[in-house]
Each structure stands twice: as C-alpha cells, then as structure tokens.
Amino acid sequence: MKKVIFSLKSIALVAMASMAMVSCGDDEKPAPPPPAPDTELTENFIQVNNDQEEIVYSIYAVHTDGAGNDAPIKEYTLKDGTVVIAFEFISHNGTSAGAVNSATANTFTTILTKVNVDATGDDRYEMPFGEDESKTLLGGFSTKMNDTSYTYANGASFKPTALTYATKEAAGNMTYTLEGTDKDDTSITLKTNLNGEIAGLYSLNASQSKGLNTVSKNVQLSKRSSL
C-alpha cells in the first residue's frame with residue numbers, strides 16, 4: 001500500500017488556508033433557516049393527491065325546484081322507479097357558510113331519501129340518516145380544487161360517524177371521512193375529512209340541473225326553516 005507523506009510545511013499551508021476560509025465566512029451574514037414544512041392536516045380538510053385545503057364551513061341543503069326559502073322540493077325518479085329527494089352536504093373554504101361559489105375547494109356529498117309517495121305535507125319527506133336506514137341512499141360525491149372538478153369513482157368509502165342537525169339555537173355537527181379516486185383518472189386520489197359544525201337547512205336551486213350531480217356550479221342557496 002502506497003503511503004502518502006505530507007511535509008510539515010504543506011500541513012501548515014493547509015491549516016492556514018482553512019483559517020482564512022473561516023475568517024472570510026465570519027464576515028458574511030448567516031444563511032437563513034430553510035422554511036418550515038407545511039403541517040399536514042389530520043381532520044377538516046379536502047385533499048387531491050397531496051394538496052390539501054382546510055375546511056372552513058359546512059352546510060346541508062335540499063334540492064328545490066326554484067329559488068327561495070320556501071321553494072318546492074324537487075323530486076327525482078331513479079331507474080328502478082324509486083322516487084327520492086336529494087340533499088347536499090357541502091364542505092368548503094369560501095368566505096361565509098352560504099358563499100360556496102367563493103370557495104377554491106369544496107366537496108359535495110349527495111345523499112338521497114326515499115319519498116313517502118302515498119303521503120302529503122310533512123309526512124312526505126324525511127331528512128337523511130333517520131331511524132329507518134333503508135330510506136337513505138348514497139347519491140355520489142364530487143370535489144373541486146383550484147378550478148378543477150373531480151367526481152369520485154364507484155367504490156368510494158364514505159363513513160359518517162356522527163350527525164346532529166342544526167336548530168334555531170345552535171349549529172349542528174357532523175363527522176365523516178370520504179376516500180376514493182377520480183372516475184376519469186384513477187391515479188388521482190381524493191379525500192375529505194370533516195369533524196365540526198354544519199349549518200342548515202338551505203334550499204339549493206336545482207331547477208336548471210340535468211341530474212343529481214350537476215348542481216355544484218353557480219350554487220344558489222337560500223336559508224330554509226324546514227322541509
């Protein structure tokens with residue numbers, strides 16, 4: 001093995017050069033620390049792949065055939081002949097609870113309830129997730145982030161674990177997780193996590209919509225007292 005021998009003179013030169021470099025560095029301002037990494041949200045978020053937006057407001061609304069707080073509720077007939085009404089549970093980051101159109105991120109969870117076709121008045125319609133679970137159906141899920149809309153593919157996992165509807169005295173609360181992929185590009189992962197207040201009931205004008213999942217553009221809402 002070949003030995004490398006340094007003379008005392010060369011070692012001194014190396015030491016002097018090192019000292020000169022340190023001295024130069026002492027005259028410079030210290031480098032700023034690197035920016036802190038973004039904190040990943042663990043609840044109350046809308047997520048597309050690795051991009052997250054915090055949920056600021058959540059509301060629930062029923063589809064109506066027109067605008068206004070007393071607009072008639074819109075009924076839909078499914079392919080199997082079942083008559084239903086539709087509700088939207090909407091989470092978003094807009095400027096106020098009802099200002100869904102101002103949001104840069106939102107998630108629409110469409111929930112259906114079967115219509116009591118032989119009844120009229122207050123007995124005809126029911127809110128979702130009532131005592132008879134068979135009357136509540138899933139209608140679909142969609143997310144918008146930064147002007148791009150995504151529709152969840154079949155097989156999305158929706159897990160509601162708590163729901164209290166709002167009253168005149170207090171806001172409601174809802175907890176759920178939603179996970180899936182985009183139906184047009186399964187490489188895009190979608191998630192929504194809600195654990196917080198939810199306001200309602202609203203009328204959502206669906207008179208111009210061509211289907212259950214086409215109401216997320218130009219949303220028109222009015223506060224509603226009851227079904």
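There is a side-chain donor-acceptor pair under 3.5 Å between Glu88 and Thr110. For Asn146 and Thr148, the side-chain atoms include no donor-acceptor pair closer than 3.5 Å. Side chains of Thr151 and Ser142: a donor-acceptor N/O pair is absent below 3.5 angstrom, by distance only. At a cut-off of 3.5 Å, with distance as the only test, a side-chain donor of Thr104 or Asn93 sits close to an acceptor on the other residue. Remark: the Thr107 side chain and the Thr192 side chain contain an N/O donor-acceptor pair separated by less than 3.5 Å.
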*Is there a side chain to side chain contact (heavy atoms under 4.5 Å, CB included) between Met127 and Leu227 once you walk through the steps?*
CA-CA 8 Å; Met127 296 293 292; Leu227 288 179; 3.7 Å; yes
_Go through it in stages, so that I can follow the logic: the residues are Ile188 and Val48, the test is side chain to side chain contact (heavy atoms under 4.5 Å, CB included), and I'd like the CA-CA distance, side-chain angles, deciding distance and then a yes or no._
CA-CA 7 Å; Ile188 297 174; Val48 177; 3.8 Å; yes
*Start with the C-alpha distance between Leu194 and Thr177, add both sets of side-chain angles, then the distance that settles side chain to side chain contact (heavy atoms under 4.5 Å, CB included), and finish with yes or no.*
CA-CA 6 Å; Leu194 175 64; Thr177 58; over 6 Å; no
_With side chain to side chain contact (heavy atoms under 4.5 Å, CB included) as the criterion, how do Lys191 and Phe45 come out once you've worked through the C-alpha distance, each side chain's angles and the decisive distance to 0.1 Å?_
CA-CA 8 Å; Lys191 295 181 182 180; Phe45 63 81; 4.1 Å; yes
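Side chain of Asn116 to backbone of Asp123: a donor-acceptor contact under 3.5 angstrom is found. Side-chain N or O atoms of Lys114 include none that pairs as donor or acceptor with a backbone N or O of Thr136 at under 3.5 Å. Listed for the Ser102 side chain is a donor-acceptor partner under 3.5 Å among the backbone atoms of Thr95. A donor-acceptor contact shorter than 3.5 Å is absent between the side chain of Ser203 and the backbone of Leu221. Between the side chain of Glu126 and the backbone N or O of Lys135, no donor-acceptor pair lies under 3.5 Å. Arg224 contributes no side-chain N or O that, together with a main-chain N or O of Leu204, makes up a donor-acceptor pair within less than 3.5 Å. Remark: side-chain polar atoms of Gln47 are paired, donor with acceptor, to backbone N or O of Asn49 under 3.5 angstrom.
A salt bridge links Glu75 with Arg124: at least one charged nitrogen is closer than 4.0 Å to a carboxylate oxygen.
Environment of CG in Asp147: sparse, with no more than 12 heavy atoms of neighbouring residues, nucleotides or ligands closer than 6.0 Å. By the neighbour-count criterion of 12 heavy atoms within 6.0 Å, atom CG of Asp185 is densely surrounded, having more than that number from other residues, nucleotides or ligands.
The two atoms that bring Ala103 and Gly94 nearest to each other are CB-N, 3.6 Å, heavy atoms only. Closest approach of Ala86 and Tyr76 over heavy atoms only: CB-CE1, 3.9 Å. The nearest pair of heavy atoms linking Ser207 to Gly66 is CB-N, 3.7 Å. Pairing each heavy atom of His92 with each of Ala97, the nearest pair is NE2-O, 2.9 Å. When all heavy atoms are compared, the tightest approach of Ala67 to Ala71 is O-CB, 3.6 Å.
In this structure, CG on Asn193 lies 9.5 Å from CD on Gln52, to the nearest 0.5 angstrom. Distance CD/Gln208 to CD/Gln220: 8.5 Å, rounded to 0.5 Å. One finds the OG atom of Ser96 at 6.0 Å from the OH atom of Tyr57 (value rounded to the nearest 0.5 Å). Here the NZ-CD1 distance, from Lys223 to Ile59, works out to 9.5 Å after rounding to the nearest 0.5 Å. In this structure, Thr181 OG1 and Leu190 CG are separated by 7.0 Å, a value rounded to the nearest 0.5 Å. Expressed to the nearest 0.5 Å, how far CD1 of Ile55 lies from CG of Asn106 amounts to 10.0 Å.
Tyr176 and Phe89 have their aromatic ring centers separated by at least 6.0 angstrom. The ring of Phe158 has its center closer than 6.0 angstrom to the ring center of Phe141.
By the criterion of side-chain heavy atoms lying less than 4.5 angstrom apart, applied directly or through intervening Ile, Leu, Val, Met, Phe, Trp or Tyr residues, Tyr152 is grouped together with Tyr150 in one hydrophobic cluster. In the hydrophobic clustering of ILVMFWY residues, with side-chain heavy atoms under 4.5 Å counting as a link, Phe129 and Val115 come out together.
Between His63 and Val84, every side-chain heavy-atom pair lies at or beyond the 4.5 Å cut-off. Considering only heavy atoms from C-beta on, Thr109 comes within 4.5 Å of Leu178 through its side chain.
Screening Ile198, Asn195, Leu163 against Thr175 for a side chain to side chain contact (heavy atoms under 4.5 Å, CB included) leaves a single residue, Asn195.
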